[in-house]
Amino acid sequence: MAAAAELTLLEKSLGLSKGNKYSAQGERQIPVLQTNNGPSLTGLTTIATHLVKQANKEYLLGSTAEEKAIVQQWLEYRVTRVDGQSTKEDLRTLLKDLNSYLEDKVYLTGHNFTLADILLYYGLHRFIVDLTVQEKEKYLNVSRWFCHIQHYPGIRQHLSSVVFIKNRLYTNSH
Amino acid sequence: MRLFVSPGSPGSLPVLAAAGRARGRAELLISTVGPEECVVPFLARPKVPALQLDGGNYLFSTSAICRYFFLLSGWEQDDLTNQWLEWEATELQPVLSAALYYLVVQGKKGEDVLGPVRRALTHVDQSLSRQNSPFLTGETESLADIVLWGALYPLLQDPAYLPDELGALRSWFQTLSTQEPCQRAAETVLKQQGILALRPYLQKQPQPSPPEDKAVSNEPEEEELATLSEEEIAVAVTAWEKGLESLPPRRPQQNPVLPVAGERNVLITSALPYVNNVPHLGNIIGCVLSADVFARYSRLRQWNTLYLCGTDEYGTATETKAMEEGLTPQEICDKYHIIHADIYRWFNISFDIFGRTTTPQQTKITQDIFQRLLSRGFVLQDTVEQLRCERCARFLADRFVEGVCPFCGYEEARGDQCDKCGKLINAIELKKPQCKVCRSSPVVKSSQHLFLDLPKLEERLEEWLGKTLPGSDWTPNARFIIRSWLRDGLKPRCITRDLKWGTPVPLEGFEDKVFYVWFDATIGYLSITANYTDQWERWWKNPEQVDLYQFMAKDNVPFHGLVFPCSALGAEDNYTLVKHLIATEYLNYEDGKFSKSRGVGVFGDMAQDTGIPADIWRFYLLYIRPEGQDSAFSWTDMLLKNNSELLNNLGNFINRAGMFVSKFFGGCVPEMVLTSDDRRLLAHVTLELQHYHQLLEKARIRDALRSILTISRHGNQYIQVNEPWKRIKGDEADRQRAGTVTGMAVNVAALLSVMLQPYMPTVSASIQAQLQLPPPACSVLPTNFLCTLPAGHQIGTVSPLFQKLENDQIESLRQRFGGGQLEESLELKAKASPKPAAEETRKTAGPQEIQTLLEEVTKQGNLVRELKAQKADKNQVAAEVTKLLDLKKQLALAEGKPLETPKGKKKK
């Protein structure tokens, strides 16, 4: 999904009606938002954070210092690790780490739904779609979290719904 | 919370600096772990630094940890900060970690290291210089500065990896590096070992994948044409339409100029040139010319301005000169004072006062300040070991001793200061001292002297700096110098000398001594003003109403930023102290130093003999003003800038605009009917004008000159696109269009003439005479672009403003002034760099041979251009280019110029 399309999805899920236009910069097609007053903004997470503030939904950026730092950490993770991975091995490490992180958490910050969940969901969608049933079971916590987010009102929109099976097929896998 | 770090992990730098910067870190425990230890339980690979939060969760991202410390202190991050952090993580880190790996683990050097990161460094540099503020996100330091500083520190702390041309990056980096939290983080992580401290950590890391092979381009990032909102355009158009009427009334000229309550009162000084030397171009740009631009600008803003300077006349050097020439010191001063005044008059320096320090007022004020310091207990007495030359039968003043610098080993250190490392020296500390006059070794003798008790005044100084520096326009180098002095601790400073030619010391037992010139030279500004008006105290004892700007080269910073403020604070007489200290770096000559004794360089009195007008000198010196970094005067470059920027860009635009009015409209400004294109031009010019104001308000003189050239480039493009010379022959609508474009263009030219006034006063005046610009518009520069030449205005006779400089003319000047000699610059000498291998084979060829080669180069160059224009066969072009390069090389050898290094480190 191109960054501009993703930001349009985000705008809708935030209830922003205006509809910004985005241009793309350089080889990696980094999104640029030309704001009316002031300089343009560059970068997916920068613009996403800006949109959340614009929609007056600051709670999506975390409410305590700890939450805020965690949200931004996972946003950085999204643009460096999720978007930057190049091999199948990278993907496995990433899912393994994330699975282990989410073991005791509902959302990335713990108990509260934030922008980090939205952007990580958008970023991972194309990989999760291709996982086998066995892999989905192997990364059980990631699957649980992903399934939860895709059912969160207004987030998924036109993206395909990924099917997760509630009954375990491979009971001996771990 | 617990922070896990590993020795030599680069991420520790920003994290420790951020922890130091943000104060909520009382409960921070730091644990040191090995580079391969997995501290974050959910990550499969080791990752440090990591922060374990009290709730049990972990932060493993370096920026997130830094952000957390800032958030704990209540500092939120804005969009711009987020943008920098995202750029750091996605763009900078991949290339930077590769560069560090090459450097530290693989031992690569030079371009191998710098190559991958150059683009990113340039990006930071351009952002800083474009937005014109000291920090990445504005006037104050933010999280972005700490994170980027920490990332870049390991690389940039080695000056070899901080390219010269990135001046804005350099000042930003230096400013941050001197801040305490950063300094401490750097000491903790690098442990004085430099980059090698990172080795134990980095060599355990996997080799970063080489940054993708992007199409590398050496072109600077494209200058974005700012996008304008409809609102900005509307505001610009409204201002334009108001025209001349909206100009503020002109300030009446008063004599003498005195501060006025409720107005902005600007007092400008430029460092006092020492009387017995003829100033060279570096002296001129460093102080009087820079201050002159600012003074002229200040008057154009209608600020109440007083600009003063004078010759510094006391001291041994004068005494010696007098002996040499068989005159009295007073006669020497009289003679050279006139020489100085003449030179500055020729350069069109607009002093309100050009005075001198050998006056009764100087004695009176200096002695008063001294008495006040004495009675308040800030003067110490001590015996001094001093160098005495037995052959010359006198104590040697500092500048009459030379020797090896005890700090850096530089061989030609002066007795008071080392030119190389800038540290102040006590003459007796010099190794292998020599009397500069007779070259014999002086002996140490003792003598009673007075000292200014700087340690006792340090606290007051700190308090004053704490109030003055934030938000002021002190240049980064000045801040840097003062900070490093304070860091080393102040020591009592001797203020008397065994001399006759000076201000007498009013104290028993010191009758045959005088004040040391650095105690009383800075008091010269006060006495020069006192000779101008008996109400001088309204300027100098009025810190509430007066903004004092002091211009100088960086070697003068300690005396203006530290010694004089200490004297003034200790004297407790409500003195006006420097608010904005503007210091330049050094100007080199061609590739070496100016040197009177070796006859290298251009000196003030010789500039007039070159036949090149003063305004061209002013323009070129200001264009290369060593602002933020050293720069070099080069004859070839001067020719280039004159012919490209002045003749082809600025002169061409102003001349065409005027010619169209005279040729097509009988010298009468035509009716203008603005279309949306014209409105956009208007808004762009307005924006650039405002940029010019922002820069000059901060005394960024060189940068503001670029704004003028940018506007005239816009203007040239505008004419080129609209082709008024064609449309004038068309139908009614076309002719109206030609009229609008001509009218707009000539108004832009009028604006440029005013903007140019601080830089090139004579050229400015001749443009204004040619255009018959109404007098009120000539002397005020508003913040908006106004229509000052309305339809119907009659202009005068238009003629060309600039002359082309020819190669042979410049070549003969270069020879005459000893340019292109194999003068190694000071920096090169200090690094003891090996001389180029080609050295032995080089002999400076005769002018005849050079001329022949020059002609061949020109011929070959034309051939190549023709071939390219005809789109000739690639191989053929390549062959001819090779020939051309070969010829150029021969020419360079013949002229004795250093060959350009193949690495292309220095862009020409």
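Throughout, a chain's letter reflects where its sequence line sits, starting with A, and its residues are numbered from 1.
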* Asked: So which part of A/Thr93 gets closer than 4.5 Å to some heavy atom of chain B, the side chain, the backbone, both or neither?
  ->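 The answer is the side chain of A/Thr93.
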
Any donor and acceptor pair, going by atom type alone, linking the side chain of [X] with main-chain N or O of [Y] inside 3.5 Å?
{"X": "B/Ser6", "Y": "B/Val33", "value": "yes"}
{"X": "A/Tyr122", "Y": "A/Leu7", "value": "no"}
{"X": "A/Glu67", "Y": "A/Ser63", "value": "yes"}
{"X": "B/His693", "Y": "B/Asn784", "value": "no"}

* Would you give the length of the straight line joining atom CD1 of B/Ile146 to atom OG of B/Ser63, rounded to the nearest 0.5 angstrom? =>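 Result: 12.5 Å between the selected atoms.
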
Could you tell me which of [options] has the largest number of non-hydrogen atom pairs under 4.5 Å with chain A?
{"options": "B/Phe60, B/Tyr58, B/Trp84, B/Phe70", "answer": "B/Phe60"}
{"options": "B/Leu80, B/Thr62, B/Asn57", "answer": "B/Asn57"}
{"options": "B/Asn82, B/Asp54, B/Asp78, B/Leu59", "answer": "B/Leu59"}

* Between B/Thr137 and B/Ser142: side-chain donor-acceptor atoms closer than 3.5 Å ->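 The answer is yes; a qualifying pair exists.
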
* Asked: Of the backbone (N, CA, C, O) and the side chain (C-beta and beyond), which part of B/Leu53 lies under 4.5 Å from a heavy atom of chain A, both, or neither?
  ->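 Answer is side chain: those atoms of B/Leu53 sit under 4.5 Å from chain A.
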
* At a heavy-atom separation under 4.5 Å, does B/Gln77 approach chain A through its side chain, its backbone, both, or neither? ->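 Backbone of B/Gln77 only, per the 4.5 Å heavy-atom cut-off to chain A.
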
* Is B/Asp79 paired with A/Lys53 through a side-chain N to carboxylate O contact shorter than 4.0 Å? ->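 Yes, A/Lys53 and B/Asp79 are salt-bridged.
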
* To do: Salt-bridge test for A/Glu135 and A/Lys138: reply yes if a basic N is under 4.0 Å from a carboxylate O, no otherwise.
  =>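 Between A/Lys138 and A/Glu135 there is no salt bridge, as every charged N stays at least 4.0 Å from the carboxylate O atoms.
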
* Asked: Could you name the residues of residues 68-82 of chain A that have a heavy atom within less than 4.5 Å of a heavy atom in chain B?
  ->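 Only A/Lys68, A/Ala69, A/Ile70, A/Gln72, A/Gln73, A/Trp74, A/Glu76, A/Tyr77, A/Val79, A/Thr80 of residues 68-82 of chain A have a heavy atom under 4.5 Å from chain B.
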
* When A/Leu44, A/Thr49, A/Asp104 are compared by non-hydrogen pairs under 4.5 Å with chain B, the top option ->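 Highest number of pairs under 4.5 Å: A/Leu44.
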
* To do: Please list all pairs passing the side chain to side chain donor-acceptor pair (under 3.5 Å) test where one or both residues lie in residues 37-47 of chain B, with sequence neighbours left out.
  =>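 Of all non-adjacent pairs touching residues 37-47 of chain B, none passes side chain to side chain donor-acceptor pair (under 3.5 Å).
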
